[in-house]
Colleague: 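Have a look at the structure that comes next, please.
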Amino acid sequence: MSLDYLLNPENWSLANSAGFPQRILEHLAYTGLALALAFAIAFPLGLWIGHTGRGAFLAINIGNAGRALPTLGVLMLALALVGIGLLPVTIALVVLAIPPILASTYAGIRAVPPTVVDAARGIGMTEPQIALRTELPIAAPIVIGGVRNAALQVISTATIAAYVGLGGLGRFLFDGLALRDYSRVVAGAVVLAVLAVVIDLLLAGAQRILVSPGVTGRQARRVTVGSKS
């Protein structure tokens, strides 16, 4: 076993339709589509449940049940229902991504101190304004943490697309195992791991930009350092 396949320039050529650049783009497309759909479903639901307190039992149990579901089993069920293609893969990945986003959004909103919410009501803010302008900014670190968790899970699991004949980095794993070309398997695993780390770092950077320094404590640290200097 060696890194020859990983270090072969031909496998990194943009002209190679089966090379790493093309497979990475396919993998990111599957991941992005699943995350976008999962966020569109789980985020508003978690925000509503967290703000109103209604359906908390549902949110907690959906989160627990979603974590317990085997992704490959969901994929097989979706294949039986809708046939081969991108749709069953997307369904399986969306089911995987919904629990961490839903649970983190709910938990983040519920963790906002009640006194803050009461103060917002006291100055005349409406319920949607309280949820979006008061609770969400405070809960943002937890919400984004859930999105990062979901992104890592989906990136790691999107290899199942190759199982039903699609592309992505899973092609190197499945094809390498079928051909007993373990250099190809190792290369695919390494690129997949690096891609997951890069995406997580990008989301961490986005979290630093989107979350207020006052919420994370950075502003207080700056004031403390400034007062000592």
Side-chain angles (χ1 to χ4, degrees), residues 28-69 90-158 196 198-224 226:
L28 289 176
Y30 304 146
T31 301
L33 176 62
L35 281 177
L37 292 174
F39 188 82
I41 296 170
F43 174 71
L45 184 60
L47 186 63
W48 179 79
I49 294 174
H51 177 70
T52 63
R54 300 172 184 169
F57 177 81
L58 178 67
I60 294 170
N61 283 282
I62 286 178
N64 293 335
R67 291 189 181 95
L69 285 175
T90 303
I91 291 173
L93 295 179
V94 167
V95 169
L96 177 70
I98 282 178
I101 298 175
L102 175 62
S104 65
T105 305
Y106 163 74
I109 297 297
R110 295 303 292 174
V112 175
T115 52
V116 175
V117 178
D118 292 339
R121 286 197 180 97
I123 63 173
M125 295 180 72
T126 63
E127 294 304 314
Q129 287 174 333
I130 293 172
L132 295 175
R133 298 182 183 180
T134 302
E135 293 175 322
L136 184 57
I138 297 174
I142 300 176
V143 176
I144 297 176
V147 174
R148 290 174 63 182
N149 187 5
L152 288 177
Q153 292 186 38
V154 171
I155 286 176
S156 302
T157 313
V198 169
I199 293 299
D200 189 53
L201 290 176
L202 291 175
L203 289 174
Q207 179 175 351
R208 187 176 179 82
I209 294 172
L210 294 175
V211 177
S212 168
V215 173
T216 59
R218 297 203 306 273
Q219 186 65 35
R221 288 195 292 272
R222 288 173 187 168
V223 172
T224 303

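These numbers come from the heavy atoms of this one structure, side chains and all, not from hydrogens, waters or symmetry mates.
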Colleague: Sequence neighbours left out, what pairs pass side chain to side chain donor-acceptor pair (under 3.5 Å) with at least one residue falling in residues 28-49?
Modeller: none
Colleague: Can you list the residues that meet the side chain to side chain donor-acceptor pair (under 3.5 Å) rule with Arg148, with sequence neighbours excluded?
Modeller: Asp200, Gln207
Colleague: What do the steps show when you test Phe43 against Val147 for side-chain contact (heavy atoms from CB on, under 4.5 Å), and what is the final call?
Modeller: CA-CA 10 Å; Phe43 174 71; Val147 174; over 6 Å; no
Colleague: Please enumerate all residues that pass side-chain contact (heavy atoms from CB on, under 4.5 Å) together with Leu201, with sequence neighbours excluded.
Modeller: Val197
Colleague: If we ignore hydrogens and angles and just use 3.5 Å, is the side chain of Ser104 paired with the main-chain N or O of Ile101 as donor and acceptor?
Modeller: yes
Colleague: For Val198, check side-chain contact (heavy atoms from CB on, under 4.5 Å) against everything at least two apart and list the hits.
Modeller: Val194, Leu202
Colleague: Taking side chain to side chain donor-acceptor pair (under 3.5 Å) as the test, write out the residues that go with Arg121, two or more places apart.
Modeller: Glu127
Colleague: How far apart are the C-alpha atoms of Leu47 and Leu132, what are their side-chain angles, what is the distance that settles it, and do they pass the side-chain contact (heavy atoms from CB on, under 4.5 Å) test?
Modeller: CA-CA 9 Å; Leu47 186 63; Leu132 295 175; 3.7 Å; yes
Colleague: Of all residues at least two apart in sequence or in a different chain, which pass the side-chain contact (heavy atoms from CB on, under 4.5 Å) check with Pro114?
Modeller: none
Colleague: With sequence neighbours excluded, what pairs up with Ala107 under the side-chain contact (heavy atoms from CB on, under 4.5 Å) test?
Modeller: none
Colleague: Applying side chain to side chain donor-acceptor pair (under 3.5 Å), name anything that partners Thr52, two or more places apart in sequence or on another chain.
Modeller: none
Colleague: If a pair satisfies salt bridge (Lys or Arg N to Asp or Glu O under 4.0 Å) and one of its residues is in residues 129-143, list it, with sequence neighbours excluded.
Modeller: none
